[in-house]
Amino acid sequence: MTQYVYFFGDGKADGNKDMKELLGGKGSGLAEMTNAGLPVPPGFTISTRACNIYYERGGSLPPEVDEQTDGALARLEALMGKRLGDPADPLLVSVRSGAKFSMPGMMDTILNLGLNDRSVEGLKAKTGNGRFAKDSYRRFIQMYGNVVLGIEKDRFEHGLSAVKKKYKAAADLDLGEKALDEVIARYKEVVEEETHRPFPQDAREQLRGARDAVFKSWMNPRAITYRRLNDIPHDLGTAVNVQTMVFGNMGDTSATGVGFTRNPSTGAKEFYGEFLQNAQGEDVVAGIRTPHPIADLKKVMPAAYEQLREITTRLERHYKDVQDFEFTIQENKLYMLQTRNGKRTGLAAIHIAVDLVEEGVLTPREALMKVEPQALDQLLHPVFDPKERAKAKPAAKGLPASPGAATGAVVFTADDAVAWAQKGKRVLLVRMETVPDDIHGMSVAQGILTATGGMTSHAAVVGRQMGKPSIVGCGALEIDAKKKKLKVGKTVLEEGDPVSIDGSTGDVILKEMPTSPSEVLRVVAGRLKPSQSVLYQKFEKLLSWADEVRRLGIRANADIPRDAKVAFAFGARGIGLCRTEHMFFADGRLPHVVKMILSAARGQRGLDLTKRLKDRLAEARGSQAAEIRKELAKVRKEYGKHVADYTGALKKLLPMQRADFAGLFREMHGNPVTIRTLDPPLHEFLPKREELMVQVAVLRAKGEARNRRSIAEKEKLLRAVEELHEFNPMLGHRGCRLGITYPEITRMQARAIFEAALQVAKRGIPVKPEVMIPLVAHVEELKRQKQIVIEEAQAVLGKDGGGVEYLVGTMIEVPRGAVTADEVAREAEFFSFGTNDLTQMGFGLSRDDAAKFLLYYQEHGILEKDPFVSLDAAGVGQLVEIGVRKGRGVKPDLKIGVCGEHGGDPSSIHFFHKVGLNYVSCSPYRVPIARLAAAQAQLEKPVGD
Ligand code: PEP
Ligand code: MG
């Protein structure tokens, strides 16, 4: 029979730490801690398998789940000597979610389950504490009402506020037993009004309701959004943990808290966390009361504090990672409620991984698996300009929850954050406290600022994880979200006003602040010595371990020498794509490019006709020769000006391109540099049709006679634009199709490449040019373009090659190119997958327009991820696999890389590693991410070892 329920208690557990998939992170952690003899309140875990069946059956469970739950409950009752719902001495349990990957605050929790009108009296009698019993009951009704019965939280809050007002109580803690009885009565009325049924008194019904609600919460919108943002599959399901309650709210000898074995924000080796005396767990994380630093626990409960330190140190060594733990102290006795690997900032991740190796806890290979590649991004975020920062006077200070500098326009709701961001504005989300429903707003904001909450509140945990600079618990903020106003001291700000936050110090500054690069970036840019930055040294150490492990080469997409330099400093060893068209937009070049385009069609035709006639002339005699000469003169007359414009423009562009290429070769210090011939449709270089039409109309209105020349020029341009107009430019006259119809352009680019290579090689710097032909669908296209490249190489390099070794290869980015890769490989000396176009054409999605519905697709579960961000392994990935297999079938050693955006995406990198590519190429700032992701791919699926 399938086991759905796993017991833990009395020193042994059915599960262990390796069962996260089935028991969730929390369930497997509780089992592991129980097995290790730690003080864990006993209970049982209902597996993720049950959750998945619950969804498969549309919201019901097989009878075995209930039977096994009853069995586990009976065992728990026997162990505790109490029964669930017993009027005399009730067993109370908590019911919590727990998936394989932690999703803080995204799913639901219910505490104090088992209380009803009678058992609450039993609890009172047994503990001798009426206030505590009643407070527990009212919390239970509130939580159960909200989570299981779907009643708005506000309905309960109003009831509570009314009673507080009546008794003139400032805080919840000021309410006595009598007042709490009134709160309970009001809460029960709310439940009856809303559900037309009394609050359920049967403890087993309560348990089933809570279990199902937790299962349901797996699919609530915020959990779905969270999984989408964090690449967590939707079909994992959550487990449900049912655990004996222990109480942190039994007076001042009780407490509850959360903590980390190291600082999750900075990575410093310090005991870190916070607690509240006389409180229940959700008070700490909900940000309602501001908790005390954990160091203060030593003063109030020294024995429990020492035990907690000892246990958590052991846990860190046991799990070989920073632990994020929850504990409760009930009347001076410590209980561990949870331990899991702690989430951390990118900064902390680097420090912790390298420190744990230095402390002998981890091997370098293990350390590599502890850092999320994407988290490295956070280290490459800007910080405030130090001078400006020193001058700026903070208006308020909060808790520094997630480091980094952020500046943006104030917005007060998550929806407004999204609306402003869609208009291209940088925003800073300011809230009393954030809730999981705010996740969409948090993800678009530059930073997050809240008035309440501690370092483990929702805003802090989620902000850190997203790498968003965040400040929480900033009590000086007076926020009026309805009126969209923020008061800080005497200053009143409105929506849209600029605010800056320093997530590393907690300072709030009421103005826009210039930012400057991160510490790592400063070292990379040569503005700080590596010896002055411990962070950089650790960053480089970790990445050097990655370099020892990985099999994939890492190159960068860089078009200009400055970017190539950054890429090299980040560890790129080669350029995988130089988009030469980007150089065409540089200052002073566009007029020549426009001239080239305007004259290309006729200029090229003039050249072709002249060549053909000259070839014939060489063979002709007598009158035939005279005839040809006459024709030649006619061609010269008709096309001469166009030919002169065309070749003239190309001549101007040649030295410019040569200088750029020489710069790239120098910056790459002998590593390969892949230069792609012109790719985009030519109209992209010309002004927009509508703009030109308006300009002509305006000139006409201003006076036709006076503006005759300008009008004629603009009209000529307009005619050219109209001639070049295409309905589907992305499938039109672009890529190698340009080079085939206008071979002089390819010729000029090839010449510039080889002249640059020769120039640099002559100075003793090795060069490895790789000329890449884009958008090849048919081998014949490549063959013809390659011929031109080789001719120019021979012309420039001479017979002996001038010491320059070069390759001519192609991009595989058209599905036909991929499926005929065997034919293409006969001509190609390397392949580079252009997965942007391959996705566009393989998926039939326009790169420019698909965003309109792709988000909808993701939100509605049609696609897990945007296929332009993360390679669609199942579909487009097959085209890559076919290309690799067929290409290598012809040339077993064919060098194959990828230069689409996917080259910097960790999950796509795993795919490219698996299918045997030689390298990935990505933007310079993603090179560190790619280095680490490639190492992790090798550690997970070793190839070639
Ligand atoms: C590609 O298509 O993946 C590619 C790298 O080329 P581009 O993005 O310039 O079309
Ligand atoms: Mg492309």
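For the single chain, residues carry numbers from 1 onward in sequence order. Keep in mind that the numbers below use all heavy atoms, side chains included, and drop hydrogens, waters and symmetry copies. First listed ligand is number 1; within each ligand, the first listed atom is number 1.
- Proximity of the aromatic rings of His733 and Tyr742 is defined here by a centroid distance below 6.0 angstrom, and this criterion is met.
- An N or O contact shorter than 3.5 Å links Glu813 to ligand 1 by distance.
- At a threshold of 4.0 Å, the pair Arg555-Glu770 counts as salt-bridged, since one of the basic side-chain nitrogens sits closer than that to a carboxylate oxygen.
- Short contacts between ligand 1 and Gly834, defined as distances under 4.0 Å to a heavy atom of the residue, involve ligand atoms 1 (C), 2 (O), 3 (O).
- Each of the following atoms of ligand 1 lies closer than 4.0 Å to a heavy atom of Cys899: 5 (C).
- Contact of the Gln936 side chain with the Leu932 side chain is registered, since non-hydrogen atoms from C-beta on lie closer than 4.5 Å.
- Heavy-atom proximity to Asn836, at under 4.0 Å, picks out these atoms of ligand 1: 1 (C), 2 (O), 3 (O), 4 (C), 5 (C), 8 (O).
- At least one heavy atom of Met811 sits less than 4.0 Å from an atom of ligand 1.
- Within the coordination shell of the Mg ion (ligand 2), defined by N, O or S atoms under 2.8 Å, Glu813 is present.
- With a heavy-atom cut-off of 4.0 Å, Arg676 touches ligand 1 through its side chain alone.
- With contacts defined as side-chain heavy-atom distances shorter than 4.5 Å, the pair Leu863/Phe843 qualifies.
- The side chain of Asp679, and not its backbone, has at least one atom closer than 4.0 Å to an atom of ligand 1 (non-hydrogen atoms only; side chain from C-beta on).
- Arg719 is linked by a side-chain hydrogen bond (donor to acceptor under 3.5 Å, both in side chains) to nothing, counting only residues two or more places apart in sequence or in another chain.
- A salt bridge links Arg747 to Glu791: one of the charged nitrogens lies within less than 4.0 Å of a carboxylate oxygen.
- Atoms of ligand 1 found under 4.0 Å from any heavy atom of Arg579 (numbered from 1 in listed order, with element): 4 (C), 5 (C), 6 (O), 7 (P), 8 (O), 9 (O).
- Annotation: side chain to side chain contact (heavy atoms under 4.5 Å, CB included) contacts of Glu823 (sequence neighbours excluded): Val779, Thr820, Arg826.
- You'll find the side chain of Asp679 reaches within 4.5 Å of the side chain of Arg734, heavy atoms only.
- Close approach of ligand 1 to Leu577 is summarised as follows: ligand atoms under 4.0 Å from at least one heavy atom of the residue are 5 (C).
- Nearest N/O/S atom of Asp837 with respect to the Mg ion (ligand 2) is recorded as OD2.
- Contacts between Glu901 and ligand 1, counted as non-hydrogen atom pairs separated by less than 4.0 Å, are absent for every part of the residue.
- Of the candidates Arg784, Gln785, Arg751, Gln785 is the only one forming a side chain to side chain donor-acceptor pair (under 3.5 Å) with Thr746.
- In the vicinity of Arg734, heavy-atom distances shorter than 4.0 Å reach the ligand 1 atoms 10 (O).
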